[in-house]
Structures are given as structure tokens and as C-alpha cells.
> 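I'd like to ask some things about the structure below.
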Number of protein chains: 2
Amino acid sequence: MIKPRSRRGGGRPTLSDVARKAGVGAITVSRALRDPARVSEELRRQIQAAVDELGYVPDPNARALASARAEVFGVLVPSLTNNVFAEVVRGIYDSLSDSPFRIQLGNTHYSGLEEERLLQLFGSQRPAALIVAGIDQTPTSRKLLENAGCPVVQVMETGPDPVDMMVGFSHLDGGRTATEHLIEAGYRRIGFIGARMDPRSQRRLAGYRVAMEKAGLSDPRLITTTPVLSSVPLGRELFRDALAKMPTLDGVFCNNDDIALGVLFECHRASIDVPKTIGIVGFNDLDMMQVAFPSITSIRTHRYEIGRRAVAMALAAISGDRPRERVVDLGFELKRRESTAR
Amino acid sequence: MIKPRSRRGGGRPTLSDVARKAGVGAITVSRALRDPARVSEELRRQIQAAVDELGYVPDPNARALASARAEVFGVLVPSLTNNVFAEVVRGIYDSLSDSPFRIQLGNTHYSGLEEERLLQLFGSQRPAALIVAGIDQTPTSRKLLENAGCPVVQVMETGPDPVDMMVGFSHLDGGRTATEHLIEAGYRRIGFIGARMDPRSQRRLAGYRVAMEKAGLSDPRLITTTPVLSSVPLGRELFRDALAKMPTLDGVFCNNDDIALGVLFECHRASIDVPKTIGIVGFNDLDMMQVAFPSITSIRTHRYEIGRRAVAMALAAISGDRPRERVVDLGFELKRRESTAR
DNA sequence: GGGAAAAATGGTAGCGCTACCATGACGTTG
DNA sequence: CAACGTCATGGTAGCGCTACCATTTTTCCC
């Protein structure tokens with residue numbers, strides 16, 4: 001006996017149900033949905049009516065299988081809770097919410113191996129585009145990206161050798177700018193405090209080094225780092241370590257704002273005057289920096305905008321007109337605040 | 001003329017390529033990959049060798065189409081940047097990273113309409129499970145969840161009427177506990193400050209009201225709320241409003257830790273002594289609360305654990321043994337700190 | 001008004017995989 | 001030893017959609 005409807009599908013309406021109801025061929029329905037311009041006004045109306053009546057929703061899996069291309073953006077970030085990446089991801093989501101594209105988000109946990117695994121997995125879906133954080137992919141990852149057969153955008157940083165496209169800014173310049181600001185403000189024994197020393201943090205540290213050397217102020221004992229994940233409590237710990245090591249410290253450039261906040265709190269606790277005794281500079285400029293007391297100088301980065309821009313570039317590439325600029329530097333901004341106003 | 005290989009597929013190896021190479025039927029390869037126990041040791045080895053040699057990766061789209069079931073968890077949260085949801089999402093990702101399941105993450109922006117749209121979209125993929133934040137779905141959303149044909153876990157809150165399963169805690173109890181703590185600590189003119197008054201915030205406020213009424217302390221002028229998205233700067237603003245409205249304020253229960261931090265900073269700025277003049281309680285207990293100066297009393301919630309538990313329950317339901325407890329209350333913990341130590 | 005191009009529509013044949021059933025090779029049992 | 005399971009494997013027929021090509025209809029131009 002022949003069942004009236006597919007045994008597997010669970011009875012949801014399919015494209016040919018719509019076609020039958022609208023009295024047209026299945027292919028026409030497909031076209032009406034994907035490229036309405038190629039179907040006459042009248043049929044389009046009929047089809048729309050049938051779609052509405054049946055509550056038809058296209059099956060993205062079938063679509064992906066038939067067209068060998070999934071309407072999916074693969075997005076790879078090293079952390080989901082770090083506000084910096086959360087903002088980038090939010091920018092990506094907001095830019096894609098009105099498009100037919102779904103998002104496949106992966107968390108690499110700052111691990112190259114994990115990144116390779118996820119890239120492999122994402123690749124098997126033939127995504128429409130890939131957005132990955134950072135520019136320091138392993139050789140394997142890089143090869144996977146090159147062979148992905150879709151636009152690739154590396155975000156957060158700029159560098160000389162994009163797989164395809166890049167949006168970000170120079171962390172080295174950011175680190176140097178922050179440090180130079182402290183120097184100009186009159187600080188001399190300026191420490192660097194950094195957690196989770198990923199490649200971006202390393203480059204901020206490199207920027208710090210450049211500035212300190214140029215000013216003839218460098219001293220390796222001024223640098224305090226740890227591979228541990230960054231947090232406000234950790235910022236406090238590291239600052240105490242730094243002070244113990246170097247009691248004459250009169251300024252700190254912090255790897256990020258969490259650390260800076262931890263430093264600020266410890267200063268309060270230990271009755272160290274900010275900015276008189278110690279100057280503090282953060283990185284990223286979370287919105288709390290401007291309300292902190294004293295407000296904290298920081299390097300404002302354009303995370304949300306990076307996400308939006310990455311999507312815009314990928315979308316352009318998908319629709320055929322690759323942007324002329326393959327590498328976009330969105331820069332950063334030094335926000336001078338009370339914590340360095342000596 | 002017949003092309004040697006599929007015109008569309010881009011030349012990636014398929015299941016039948018593996019089958020040919022291993023000298024077995026396609027179906028056997030499929031089984032060897034999905035349910036190795038049903039294939040003999042020897043064939044399994046041969047097949048594995050062929051898979052490795054060809055670099056075969058199964059196509060999830062084809063798999064989903066053929067089996068009418070995608071190996072995808074749909075996850076819906078109202079915000080990507082709010083640390084609370086980021087933690088839940090992290091828990092979900094971590095629990096699923098070793099499973100074959102992918103994650104489809106949607107951002108509802110606290111909008112019921114957006115939630116419906118995303119649920120519709122996610123449903124079209126026939127996900128293996130759905131995890132949604134909150135228990136206040138619109139009737140349409142609720143129906144979509146009920147008809148999703150897969151396990152559904154509502155997270156962040158517990159309530160009387162689960163669609164399927166729930167993991168969370170009582171925000172009302174949390175709000176009441178926080179407020180009672182302030183009362184016990186000797187505060188009397190206790191304000192409530194809340195931003196982004198979503199249903200969970202409303203219930204915390206309800207808990208505050210219960211406690212204040214029971215103590216005979218309630219006064220509507222003590223309550224300051226706004227629908228605006230929560231942030232540290234906003235916390236500062238709201239606190240100033242609250243103080244202007246009610247200068248005799250001697251304590252505040254804040255909707256969340258961002259607000260609490262804003263309040264603390266404003267107290268510093270205005271030289272208001274915490275906890276002597278004003279007591280502060282936050283909600284969620286972000287890790288910075290314990291290092292803040294003074295450290296801030298807060299209601300610790302188990303966000304990461306909620307994510308993990310939700311996945312565990314969904315996974316159990318998928319594999320057939322639904323947990324006995326359909327509603328899991330993970331509770332919360334009052335962390336007493338300096339900000340209320342009068 | 002005839003011919004050609006363009007536009008609109010449809011049919012067929014898969015995409016890569018799995019559900020379902022069939023087959024054959026083994027025990028196992030009364 | 002016939003009858004019957006059980007296990008390992010394979011063949012066939014789709015899943016719901018789109019690429020590709022064929023067909024029909026319309027439009028345009030000299």
C-alpha cells in the first residue's frame with residue numbers, strides 16, 4: 001500500500017506540495033522563492049498564496065545538498081565569554097539577521113588544534129563564507145581556509161598576508177600608543193601586565209617594548225605575564241606580583257580592561273593613588289572604563305564594527321564584486337581619562 | 001558524455017568512493033561510521049583505512065536530508081554580549097564539543113517576534129534538540145516548541161508549566177533573598193534599580209516587593225527601572241536618579257552586577273560610604289564582584305552549569321531515557337561581601 | 001510578417017546519504 | 001534435519017531540493 005505522504009518527512013509540506021497547490025511546476029516554485037524576478041508577477045502571487053496557506057518553509061538541508069552550497073557563515077572565535085569576541089559576534093549576527101544566511105559559531109578555546117578540527121567540520125558543510133579570529137592559523141588551518149572554496153575573512157587583526165580578506169587593526173600600534181601615552185604623561189617605571197598571552201596580546205606587548213625601548217625606559221622586570229585566562233581577579237593578582245617585583249612601579253599598561261579594572265581595585269584597596277602614584281591604561285575600552293572611579297584610560301577598539309565589516313566584505317565577495325581593499329584597518333582610539341591624568 | 005565525477009560536488013570524496021575503495025557496500029560504510037558495533041571488526045578496519053586515505057568527511061546536509069533529522073542543537077538566547085547568557089552558551093558548547101552535534105545559535109534581542117522567526121527557521125532544520133532562554137514564550141512560540149518534534153529545554157528559570165524540560169532557578173526567590181539580606185543587615189530605605197526589565201528582572205523585582213512588604217518597608221518611590229539595555233554607565237545614571245528622587249536611600253538591590261558596579265563607582269565619585277551610608281547587592285555574581293573595592297554582595301547564579309545541565313538532559317531525552325525530573329532547580333547562593341557589611 | 005532572440009516555464013536527473021527490506025551464512029532447537 | 005531465528009551485508013528507493021537542458025510563449029526588429 002502506498003502511503004499518502006512521505007514516510008520520513010514528518011508530514012511537513014514540501015516544495016512540490018506548494019507546486020501542486022499553485023498549479024505550477026516544482027522548479028517554478030523554487031525560482032519564485034530564490035529569484036522572484038525570473039517568475040511572472042501572476043505566478044509569483046499564486047505561489048506566495050500557496051506557501052502561506054500550507055505554511056511552507058524550505059528545508060535548508062535539501063537546499064544545501066542540491067546546490068552544493070549551504071547558506072551558512074562559519075564563524076570561529078577563541079572565546080564566547082570574552083566581551084571582545086562577543087561584540088564581534090554580535091556585529092556578525094546583526095548584519096546577517098535579515099539575510100537568508102545562518103551562522104555556525106565555533107569556539108576554538110584559543111587552541112590551534114581545536115581550530116583545525118572545527119574548520120574541517122565547517123568545511124564539510126560547504127559554507128558560504130568563513131570568518132575566523134586572528135591571523136596566526138596553523139599551516140593546516142591555513143590550507144583548509146585556502147581550499148574552503150568560499151570567501152574567508154580574518155578578523156581582529158591586520159597583517160601582511162591575508163588568506164583572502166582581513167578586517168581589524170594593529171595590536172602592535174595599539175600597544176605602542178598606550179605606552180607612549182603613559183610616557184608622555186610623565187610615567188617612567190611603566191609595567192606591562194598581561195594574561196592569556198595569545199598572539200594579539202603578544203603584539204601589544206611588542207608595541208609596549210618598542211615604545212619603552214625608544215624612550216630608553218625598558219627593563220624586563222617591568223613585564224608580568226601569565227598564560228592563564230584573563231579576569232578581573234587575575235588582574236589584581238598580577239598587579240600585586242608586579243608591585244612585589246618592582247615596588248617603584250609608577251604606571252601599568254594592561255593587556256585588557258579586565259586586568260586594568262583588577263589593578264584599579266587593588267589600588268583602592270592598598271590606598272595607592274591613581275593617577276598620582278600609579279597610572280593605568282587598559283585595552284579595548286569596555287563601556288565601564290569611562291564610569292570607573294577614576295575613569296580609566298583605554299584603547300578603544302571597534303569590535304562590533306569589525307563584525308559588521310567582515311560580513312559586508314564576505315557578502316560582497318559572494319555576490320561577485322570583491323572589495324578592492326582586501327585588508328581593512330579599522331584602527332583604534334586612545335581614550336584619555338583620569339587614570340593617567342597626572 | 002558522462003563526466004567521471006559529480007558535476008556539482010566539487011570533487012570531494014563521498015561515501016560510495018569510500019565503499020568502492022574498501023570493497024564494500026555503501027550502506028556498510030554508513031553503518032561503520034554511525035554504529036560501528038553492527039559491522040564486523042575486519043570491515044571496520046578496512047573502511048577506516050579508506051576513510052583516512054581519502055580524507056572523507058561525511059556531508060551533514062545529505063545526512064540530515066536522508067535521515068530527516070539534523071545533528072544540530074538549536075539555541076536561542078536574548079543577548080550574545082550579556083555575560084550571563086554567554087556563560088550559558090559556553091556551557092552548552094563545552095558539553096557538546098565532543099559530540100557529533102553542531103550548534104545553531106540565535107539571538108532574539110529580547111524580542112518575542114524575533115524568537116518566533118528564529119524558532120520557525122530552526123524548526124525547518126529538524127534539530128535534534130532546542131534550548132531556549134526563558135519561560136515566557138509567546139503562544140505562537142510555545143506552539144512551535146511543542147510541535148518541534150524534539151526535546152526542548154527552557155533555561156535560566158524554573159516555572160510551573162514546562163514545554164518539555166527546564167533548568168534554572170527562581171528569580172523571585174533570588175530577588176527576595178537579596179532584599180531580605182539587606183533588611184537583616186540593617187538597611188531600611190532600600191531601593192530597587194533595574195534596567196532592561198525582561199521577565200526575569202520583573203520577577204526579581206517581584207521578589208524585592210515581597211520582602212519589602214513583609215518588612216513593612218515598601219514604598220513605590222524606591223523603585224527605579226528602565227527598559228534600556230543594562231550597562232555599567234546606565235547603573236550610575238539610574239543610581240543618581242534614584243538618589244535624586246529619594247535622598248534618604250540607604251541601600252540598593254540591583255537588577256544585575258553591571259548596575260551594581262555603576263552604583264559603586266558613583267558612590268566613590270560622590271564620596272558616599274559603602275557599606276556605611278549605602279549598602280549594595282548585585283545579581284549574578286560576576287567574578288569581578290569579589291575583587292571590587294569594597295567587594296560587592298551578590299546572588300551567585302550557576303549559568304555555566306545551567307548550560308551543561310540543559311545539554312545533559314536533552315542528550316538523555318534523545319537517547320531515549322528522559323530524566324525523571326523535568327524541571328531542575330539549580331538554585332543560587334547569596335555571597336555576603338563588604339558592600340553590605342554594615 | 002517572418003525569423004530570431006529573450007523570457008517564462010517545465011522535465012529529468014541527480015546531490016550524498018540513510019530507511020527499509022532482502023539476502024545469504026550461520027547457529028539453535030525440538 | 002527441517003524450521004526458525006540471528007547476524008552481517010547489500011540493493012533499492014527515496015529525502016526535498018536545484019542544475020541543466022528542453023520546451024513553449026512572448027517580444028522585438030527589419
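Protein chains get the first letters and strands the later ones, always in sequence-line order, with residue 1 at the start of each.
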> Could you pick out which residue, A/Arg38 or A/Leu15, lies toward the 5' side of DNA chain D when each is mapped onto its nearest nucleotide?
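The residue whose closest nucleotide sits nearer the 5' end is A/Leu15.
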> To the nearest 0.5 Å, what is the distance between CD1 on A/Ile103 and CG on A/Leu96?
4.5 Å
> Could you state the interatomic distance from CD (B/Glu116) to CG (B/Leu144), rounded to the nearest 0.5 Å?
7.0 Å
> Examine D/dT9: is either OP1 or OP2 under 4.0 Å from a nitrogen or oxygen in the side chain of B/Arg44? Give yes or no.
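Answer no for this pair, as no side-chain N or O of B/Arg44 is under 4.0 Å from OP1 or OP2.
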> Among C/dT9, D/dC17, C/dC17, find the nucleotide with the atom closest to the side chain of B/Pro58.
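For the B/Pro58 side chain, the nearest candidate turns out to be C/dC17.
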> Does atom CZ of A/Arg309 have more than 12 heavy-atom neighbours, drawn from other residues, nucleotides or ligands, at distances under 6.0 Å?
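At most 12 heavy atoms, drawn from other residues, nucleotides or ligands, come within 6.0 Å of this atom.
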> How do A/Ala37 and A/Ile27 order along DNA chain C: which one's closest nucleotide is nearer the 5' end?
A/Ala37
> Would you say that more than 12 heavy atoms from the other residues, nucleotides or ligands in this model lie under 6.0 Å from the CD of A/Glu325, or not?
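Counting other residues, nucleotides and ligands, CD of A/Glu325 stays at 12 neighbours or fewer.
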> Is the phosphate of C/dT18 approached by B/Ser30 (side-chain N or O, under 4.0 Å from OP1 or OP2)?
yes
> For atom CZ of A/Arg322, decide whether the heavy atoms of other residues, nucleotides or ligands shown that lie under 6.0 angstrom number more than 12.
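Correct, the count exceeds 12.
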> Does B/Thr28 put a side-chain nitrogen or oxygen below 4.0 Å from OP1 or OP2 of D/dG10?
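So the side-chain polar atoms of B/Thr28 do come within 4.0 Å of the phosphate oxygens OP1 or OP2 of D/dG10, strictly under.
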> Measure the distance from CG on B/Asp59 to P on C/dC17 and round it to the nearest whole Å.
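Distance, rounded to whole Å: 6 Å.
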> How many whole angstroms separate atom CZ of B/Arg12 from atom P of C/dG16?
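These atoms are roughly 8 Å apart.
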> More 5' along DNA chain D: B/Ala26 or B/Ala62, using each one's nearest nucleotide?
B/Ala26
> Can you check whether B/Ser40 has a side-chain N or O nearer than 4.0 Å to OP1 or OP2 of D/dT9?
yes
> Nearest-Å distance, CZ (B/Arg126) to C1' (D/dC15)?
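These atoms are roughly 9 Å apart.
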> What's the CG-C1' distance between B/Asn61 and D/dT18, to the nearest Å?
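Rounded to whole Å, this separation is 13 Å.
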> Atom CD1 of B/Ile47 to atom C1' of D/dG10: distance rounded to whole Å?
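To the nearest whole Å, that distance equals 12 Å.
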> Looking across every strand, which nucleic acid part, if any, lies under 4.0 Å from A/Arg31 by heavy atom: base, sugar-phosphate, or nothing?
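Base contact.
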> Where the side chain of B/Leu43 is concerned, which of C/dG10, D/dT9, D/dT18 is the nearest nucleotide?
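Of C/dG10, D/dT9, D/dT18, D/dT9 is nearest to the side chain of B/Leu43.
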> Can you check the A/Arg34 CZ to D/dC17 C1' distance for me, whole Å?
8 Å
> Taking only the side-chain heavy atoms of A/Arg63 (C-beta and beyond), determine which of C/dA19, C/dT9, D/dC17 contains the nearest atom.
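Per side-chain heavy atoms of A/Arg63, the pick is D/dC17.
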> Between C/dA7 atom P and A/Glu41 atom CD, what is the distance in whole Å?
17 Å
> Take atom CZ of A/Arg45 and atom C1' of C/dA8, then tell me their distance rounded to the nearest Å.
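It is 16 Å, rounded to the nearest whole Å.
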> So which nucleotide from D/dC17, C/dG10, C/dG16 ends up closest to the side chain of A/Ala66?
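The answer is D/dC17, which lies nearest to the side chain.
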